[in-house]
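Input: a single structure, listed below in structure tokens.
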Amino acid sequence: MKKFIIGPDVLKPALKKLGMVVNEKTILPITKNMLCKVGSNEIEFITTDTEMTIAYKCVCETGPSEPFELLIPYKFFHDIVSLNSQEPVSVELVNDKKAKITCAEDLYELKSLEPVDKFPKVDAVPRKASLTLDDSFVNLLQLAMLTTATNDTHPAFTRACLDLGNEKSRLVSTDGNMMFTHYLNVKAAAEEQIHFSKRMAKAVEGMEQLELSWNSKTVCMQNAVLTVWCRRYEDRYPNYKGVIPDYTPTLEINKVNIENALNKALIVGNIAQQTTIHLQKEKGYIHFESIDDDKVRKINSRVEASNTGAVEKIALNAKKLLTILNQVECQTIRLHIHDASKAVLISSTENEDYLGLIMPLV
């Protein structure tokens, strides 16, 4: 008997990941299905939209039959599990066209299964180039997505880039106005750039150690349970190194204090989300000034800080600066301000691998 039984605690996280690439409005109807590859007390579910493929391995109970495969409509199966979230699900392949799904006292029948050989072929995992990365990389990748662009005017800006080197590597993201960079203690045999979309970052969210492998067409991320294949982006990432100035720090400030000041600045609601930071107004302090577009509301806040620079004031987007500050955990932030019209660097006294950048409003 070709059958497997699987519990809800195993199914829920699997279906959540697998659903990321299932599109009910696809022009390729076969991809509405989930490929089930059943072995001995193990099953591998696979979904794809042809741009990204996700495979998820689960422990299950199987009978004495040989390994078998079948296609199940993803949404149909997902809805069954959602409505019976506390019960194990039993799936029996009756013949090539028919399957029975049993959950609690309910029986669901599929009488016209799609043939397995119609499902898009899954690429082999690249083997020639690979790296082992731990959960710190996955966490940094989630942070990098905060400073990617939200529109595709410049497609590369919507992605993060792992810039691999043979001594040290760097993860970077930018939307053209703000930037996140973080060095990684990772060495590659040759210089490479691997791009990560928001969907790729979401797909690996929560993974611990993973193996990253690639070839000229495919990027693959996998661990013992989850495998994600993605089309490799061919365009070059913008020359981010060319816009990072070699500035020394000029301002040290408590991170919580600057975050509080920026949140206050956003209360006035000006369209540009602008706050002007007065750096020379009072020794030992800096002042944040925000004015609404009708010049009716004005907010001033005063924060203790140590400033050694010559710039008198600088205008920044308060929300973007808050976004950058959310990408690093530390107590003290350093701002590198050398010109009111040029890039401001953001660094941390506790994390020398991190560097942020924001362009001023001029």
Side-chain angles (χ1 to χ4, degrees), residues 133-151 154 156-164 168-186 193-208 210 237-238 240-241 243-245 247 249-266 273-275 277 288 303 305 314 316-337 343-361:
L133 302 167
D134 60 22
D135 59 352
S136 64
F137 171 77
V138 176
N139 294 335
L140 288 171
L141 188 57
Q142 311 309 314
L143 293 173
M145 291 300 147
L146 298 176
T147 39
T148 55
T150 56
N151 60 66
H154 301 286
F157 285 176
T158 65
R159 307 188 292 263
C161 174
L162 177 58
D163 195 358
L164 294 167
K168 223 173 186 182
S169 301
R170 188 187 289 191
L171 183 64
V172 58
S173 65
T174 181
D175 68 352
N177 293 300
M178 54 181 175
M179 183 188 298
F180 165 86
T181 72
H182 200 286
Y183 280 111
L184 303 171
N185 190 23
V186 173
Q193 287 192 344
I194 309 293
H195 295 196
F196 296 85
S197 67
K198 288 183 172 69
R199 284 209 310 161
M200 292 168 70
K202 187 69 176 174
V204 299
E205 188 176 13
M207 289 178 71
E208 295 181 357
L210 65 88
Y237 203 72
Y240 67 93
K241 296 176 183 177
V243 300
I244 300 177
Y247 287 164
T250 57
L251 176 69
E252 285 198 0
I253 185 169
N254 180 277
K255 183 171 181 277
V256 172
N257 290 345
I258 188 173
E259 288 174 334
N260 287 339
L262 292 170
N263 279 311
K264 292 172 186 175
L266 290 171
Q273 298 171 330
Q274 175 176 320
T275 185
I277 306 175
F288 293 78
V303 177
I314 190 166
L316 299 172
N317 183 305
K319 187 173 182 180
K320 287 184 181 291
L321 183 52
L322 274 171
T323 298
I324 294 172
L325 295 178
N326 284 334
Q327 292 175 304
V328 61
E329 291 186 10
C330 62
Q331 290 187 332
T332 304
I333 283 292
R334 297 181 300 203
L335 298 183
H336 308 227
I337 306 172
V344 175
L345 298 182
I346 301 97
S347 63
S348 158
T349 57
E350 295 105 310
N351 186 348
E352 295 297 330
D353 289 328
Y354 162 81
L355 186 68
L357 180 149
I358 187 170
M359 297 302 298
L361 300 172

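In what follows, every heavy atom counts, from backbone to side chain, and hydrogens, waters and symmetry copies are set aside. Here, residue 1 is the first one in the sequence, and each next residue gets the next number. Fair warning: this is a prediction, and the values are worked out from it, not measured in the lab.
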Tightest non-hydrogen contact, residues Lys198 and Ala149, listed as NZ-O, 3.0 Å
Quick check: are there more than 12 heavy atoms from other residues, nucleotides or ligands sitting under 6.0 Å from OH of Tyr183? no
Spacing of CG belonging to Leu361 relative to CG belonging to Asn177, to within rounding of 0.5 Å: 8.5 Å
Which heavy-atom pair separates Leu171 from Ala160 by the least distance, and what is that distance? CD1-CB, 4.4 Å
Close side-chain approach of Cys330 to Asn351, heavy-atom, < 4.5 Å: no
Pairwise distance CE(Met200) to CZ(Arg159) - rounded to 0.5 angstrom: 9.5 Å
Let me confirm one number: the CG-CG distance from Asn139 to Asp134, rounded to the nearest 0.5 Å. 8.5 Å
Do His182 and Leu143 come close enough that some side-chain heavy atom pair is under 4.5 Å? no
Any heavy-atom pair between the side chains of Tyr240 and Leu357 that's under 4.5 Å? no
If I take atom CE from residue Met207 and atom CG from residue Leu141, how far apart are they, to the nearest 0.5 angstrom? 11.0 Å
Please find the pair of heavy atoms, one from Ala144 and one from Gln327, that lie closest to each other, and give the distance. CA-NE2, 4.0 Å
After noting the C-alpha distance and the side-chain angles of Leu322 and Leu266, does the key distance pass the side-chain contact (heavy atoms from CB on, under 4.5 Å) rule? CA-CA 10 Å; Leu322 274 171; Leu266 290 171; 3.7 Å; yes
Would you say Phe288 and Ile258 make side-chain contact, with heavy atoms under 4.5 Å? yes
Taking the side chain as C-beta and beyond, is there a heavy-atom pair between Thr323 and Phe180 under 4.5 Å? no
Could you check whether any side-chain heavy atom of Leu345 comes within less than 4.5 Å of a side-chain heavy atom of Pro245, counting everything from C-beta outward? yes
Can you name the one residue among Leu164, Asp353, Leu162 that meets side chain to side chain contact (heavy atoms under 4.5 Å, CB included) with Leu184? Leu162
When rounded to the nearest 0.5 Å, the distance separating CG of Asp175 from OG1 of Thr148 is 8.0 Å
Passes salt bridge (Lys or Arg N to Asp or Glu O under 4.0 Å), Glu352 versus Arg334? Steps please. CA-CA 11 Å; Glu352 295 297 330; Arg334 297 181 300 203; 3.5 Å; yes
Not counting sequence neighbours, list each pair that qualifies as a salt bridge (charged side-chain N to carboxylate O under 4.0 Å, His left out) and has a residue in residues 257-266. Lys255-Glu259
Between Glu350 and Gln331 (side chain of the first, backbone of the second, donor and acceptor by atom type, cut-off under 3.5 Å), is there such a pair? yes
What closest approach, in Å, do Thr174 and Gly176 show between heavy atoms, and which atom pair accounts for it? OG1-N, 3.0 Å
Pair Ile346-Leu321, side-chain contact (heavy atoms from CB on, under 4.5 Å): steps then yes or no: CA-CA 9 Å; Ile346 301 97; Leu321 183 52; 4.2 Å; yes
With a 4.5 Å heavy-atom cut-off, do Ile277 and Leu251 have their side chains touching? no
Least distance between heavy atoms, Ala343 atom then Tyr247 atom: O-CE1, 3.3 Å
Run the numbers on Met178 and Asn317 for side-chain contact (heavy atoms from CB on, under 4.5 Å), then give the verdict. CA-CA 10 Å; Met178 54 181 175; Asn317 183 305; over 6 Å; no
Exercise: identify the closest heavy-atom pair between Phe196 and Met145: O-CE, 3.3 Å
Can you measure from CG (Asp135) to CD (Glu208) and round to the nearest 0.5 angstrom? 6.0 Å
More than 12 non-hydrogen atoms from neighbouring residues, nucleotides or ligands closer than 6.0 Å to NZ on Lys319, yes or no? no
For Ile337, does its backbone N or O pair with a side-chain atom of Thr250 as donor and acceptor, under 3.5 Å? yes
Any side-chain heavy-atom pair from Glu205 and Gln142 closer than 4.5 angstrom? yes
Under 30°, 30 to 60°, or over 60°: which ring-plane class applies to His195 and Tyr237, parallel, tilted or perpendicular? perpendicular
Heavy-atom neighbours of Asn151 CG exceed 12 at 6.0 Å: yes
State whether a side-chain donor-acceptor pair under 3.5 Å links Ser173 with Thr147. yes
Decide side chain to side chain donor-acceptor pair (under 3.5 Å) for Thr349 and Glu252; before the verdict, give the C-alpha distance in whole Å, the side-chain angles of both, and the deciding distance to 0.1 Å. CA-CA 9 Å; Thr349 57; Glu252 285 198 0; over 6 Å; no
Report the C-alpha distance between Ile333 and Val328 in whole Å, list the side-chain angles of each, state the deciding distance to 0.1 Å, and finish with yes or no for side-chain contact (heavy atoms from CB on, under 4.5 Å). CA-CA 9 Å; Ile333 283 292; Val328 61; 4.1 Å; yes
